[in-house]
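Accompanying notes for the structure given below.
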Amino acid sequence: MRNLLAFILGLFLVAVVFRVDFFFYLLYFFFGIYFLSHFWMRRALEDVTCERDYQERAFPGERVPVTLRVRNGSLLPIPWLRISDSAPIQLKSPTFFRSVASLLPHESLTLGYELDCRRRGYYHLGPLIVSSGDLFGIRSYERRVRVMDPILVYPRVVPLATLKLPAQTPFGEVPTKQRIFEDPSRMVGVRPYQSGDSLRHIHWKTTATTGTLQVKRFEPAISIESQVLLNLNRDDYSAIRVETATELAIVTAASIAHYLIEKRQTVGLACNGIDPLVGLGQPVVLPARRGRDHLMTILDALARVQSSREVMPFADLLRESRLHMSWGGTGVIISADADDALFDGMVMMKRAGFHVMLVLIDPRQPFAVTRQRAKEVGIQTYLIWQESDLDVWR
């Protein structure tokens, strides 16, 4: 553009000195090109809008289509428009999408590409940048039309058939003669109404048939609150397996939470990893609840969380979590190894009236030694060295 401006000034001097009409015509022509390239394309590019439409959550192995809708909102045509979008290497290879098109006034264009969600994580797409210029290539403009948008890839969830827990740990729906809780979704019959029965449990069809109030009988079950306690302190994992082991720990936590939620149990999550939506150094704590919505909240957190050295010591997280657990609840501890501090925390949980299950991912000492030590204090221990080891619960 600077060369064109210098050429116009030189042409102006030549036209003034020689006073030849041909030089004036050339001067008008090139000045018009300069004017149009300076104002036309800038104004047209300011009215370009773009929308990115995609699925914001996905599971590993899922392919997510991304649709880009570009529109020229001005009354000026755009001779050429380059659209550039980018994505993380974990979602797309190559990491960019580019396309070139021309747009008439108020014309729209739809483009698309696919994301290959190969790995769990919290990612951002973009920024989305459009650039354009004149037909002569004299000047070009670039504009960021869309900020970075998030996408969440959940951890793998391994379906579990059962959890081989100690007999004194009543996970799931354990039939019992003591009616601590009743599952309203599992009716086993009717009985005569008694004072204090809820009117919501009246079986109206049987009542109409017998002429006396009849209430539904449900299968009794013990439902105990569970808390998944996940250790993602990188210093507790061996350097050679830290990436693999921490991901395996997250998969294990997600699979156990999924199993318990599917069994209509109350489940919470406490993790000392780094969640970008929580803040540096702050643990991820989700109170115990039940239901599919709560399961998705847990999976959201497990998708975002990352291991780090700048986190709360796991023993401290264990102690704080114990203060918020209901008496008689169960703590599912998932950690790399069981050191003395962790054993002290687990013993304190047992003494406080909680049940404990320990899952080791990357032990630094022989597992048989740790298992025997845990057995002496009544703690069931499992070793999950690779994902196939979860078959112990299938």
Side-chain angles (χ1 to χ4, degrees), residues 160-172 174 176 178 222-233 235-238 241 245-246 248-253 255-257 259-260 263 265-272 283 288 312-394:
L160 306 179
T162 182
L163 287 177
K164 297 180 181 179
L165 299 167
Q168 71 272 22
T169 309
F171 266 93
V174 182
T176 175
Q178 182 184 6
I222 295 178
S223 180
I224 299 298
E225 176 184 302
S226 306
Q227 190 79 7
V228 178
L229 304 162
L230 176 60
N231 182 14
L232 290 182
N233 189 337
D235 290 335
D236 293 339
Y237 292 82
S238 59
R241 288 192 75 238
T246 52
L248 181 57
I250 292 173
V251 169
T252 303
S255 302
I256 292 176
Y259 172 83
L260 295 174
K263 294 299 181 181
Q265 299 305 295
T266 303
V267 185
L269 173 69
C271 175
N272 60 350
M312 173 186 293
F314 191 55
D316 294 344
L317 178 69
L318 214 64
R319 183 172 56 253
E320 290 191 7
S321 299
R322 188 176 70 244
L323 300 176
H324 302 287
M325 291 176 60
S326 301
W327 184 90
T330 303
V332 182
I333 298 174
I334 303 173
S335 183
D337 191 24
D339 54 13
D340 292 339
L342 179 56
F343 262 102
D344 291 342
M346 291 190 298
V347 171
M348 292 299 297
M349 290 183 68
K350 293 283 291 184
R351 291 177 178 176
F354 302 107
H355 303 293
V356 179
M357 185 181 82
L358 176 62
V359 180
L360 297 183
I361 306 296
D362 187 26
R364 299 182 180 180
Q365 56 183 336
F367 175 70
V369 176
T370 303
R371 182 171 56 186
Q372 180 60 33
R373 183 181 178 186
K375 185 178 180 181
E376 292 175 355
V377 292
I379 297 175
Q380 187 75 43
T381 308
Y382 294 93
L383 173 63
I384 305 297
W385 183 259
Q386 54 191 359
E387 191 171 305
S388 61
D389 292 334
L390 291 171
D391 290 343
V392 70
W393 295 318
R394 291 188 183 181

Task: Step-by-step side chain to side chain contact (heavy atoms under 4.5 Å, CB included) determination, Leu360 to Trp385 - done: CA-CA 8 Å; Leu360 297 183; Trp385 183 259; over 6 Å; no
Task: Atom pair CG/OH of Leu248 and Tyr237 - distance to nearest 0.5 Å - done: 8.5 Å
Task: Asp337: partners by side chain to side chain donor-acceptor pair (under 3.5 Å), with sequence neighbours left out - done: none
Open item on the list: Tell me the closest heavy-atom pair linking Asn231 and Ser335, and the distance in Å.
Closed with: ND2-OG, 3.0 Å
Open item on the list: Could you measure the distance from the CG atom of Asn272 to the CG atom of Leu318? Nearest 0.5 Å is fine.
Closed with: 10.0 Å
TODO: Please tell me if the side chains of Met349 and Leu229 come closer than 4.5 Å, counting only heavy atoms from C-beta onward.
DONE: yes
Open item on the list: A side-chain contact here means heavy atoms from C-beta on lying under 4.5 Å apart; do Leu342 and Leu358 qualify?
Closed with: yes
Task: side chain to side chain contact (heavy atoms under 4.5 Å, CB included) between Ile256 and Met357, intermediate numbers included - done: CA-CA 12 Å; Ile256 292 176; Met357 185 181 82; 4.3 Å; yes
Open item on the list: So Asn233 and Phe314, do their side chains get closer than 4.5 Å, heavy atoms only?
Closed with: no
- [ ] Of all the heavy-atom pairs spanning Ala249 and Ile361, show the shortest one and how long it is.
- [x] CB-CG1, 3.9 Å
Task: Heavy-atom closest contact (Ala253 atom, Val228 atom, distance) - done: CB-CG1, 3.9 Å
Task: For Asp344, all residues meeting side chain to side chain donor-acceptor pair (under 3.5 Å), sequence neighbours excluded - done: none
Open item on the list: Could you tell me if Arg373 sits above the aromatic ring of Phe343, with its cationic atom closer than 6.0 Å to the ring centre and no more than 45 degrees from the axis?
Closed with: yes
- [ ] Would you kindly say whether Ser326 and Glu225 are connected by a side-chain donor-acceptor distance under 3.5 Å?
- [x] yes
Task: Partners meeting side chain to side chain donor-acceptor pair (under 3.5 Å) with Arg364 (sequence neighbours left out) - done: none
Open item on the list: On a heavy-atom basis, which atom in Pro283 and which in Met312 lie closest, and how many Å separate them?
Closed with: CG-CE, 3.9 Å
Open item on the list: For Arg241, give me all partners under salt bridge (charged side-chain N to carboxylate O under 4.0 Å, His left out), at least two apart in sequence or on another chain.
Closed with: Asp362
TODO: Enter the distance from Thr330:OG1 to Gln265:CD here, rounded to the nearest 0.5 Å.
DONE: 9.5 Å
Task: side chain to side chain contact (heavy atoms under 4.5 Å, CB included) between Lys350 and Val377, worked out - done: CA-CA 8 Å; Lys350 293 283 291 184; Val377 292; 5.8 Å; no
Open item on the list: Once rounded to the nearest 0.5 Å, what's the spacing between atom CG of Leu269 and atom OG of Ser226?
Closed with: 12.5 Å
TODO: Just jot down the salt bridge (charged side-chain N to carboxylate O under 4.0 Å, His left out) partners of Glu320, sequence neighbours excluded, or say none.
DONE: none
Open item on the list: If I take atom OG1 from residue Thr266 and atom CD from residue Gln227, how far apart are they, to the nearest 0.5 angstrom?
Closed with: 11.0 Å
Task: Partner residues of Asp389 under the side chain to side chain donor-acceptor pair (under 3.5 Å) criterion, sequence neighbours left out - done: none
Open item on the list: Could you go through Leu232 and Ile250, starting from their C-alpha distance and side-chain angles, then the distance that decides it, and tell me whether this counts as side chain to side chain contact (heavy atoms under 4.5 Å, CB included)?
Closed with: CA-CA 9 Å; Leu232 290 182; Ile250 292 173; 4.1 Å; yes
TODO: State the CH2-OG1 distance between Trp393 and Thr252, to the nearest 0.5 angstrom.
DONE: 6.5 Å
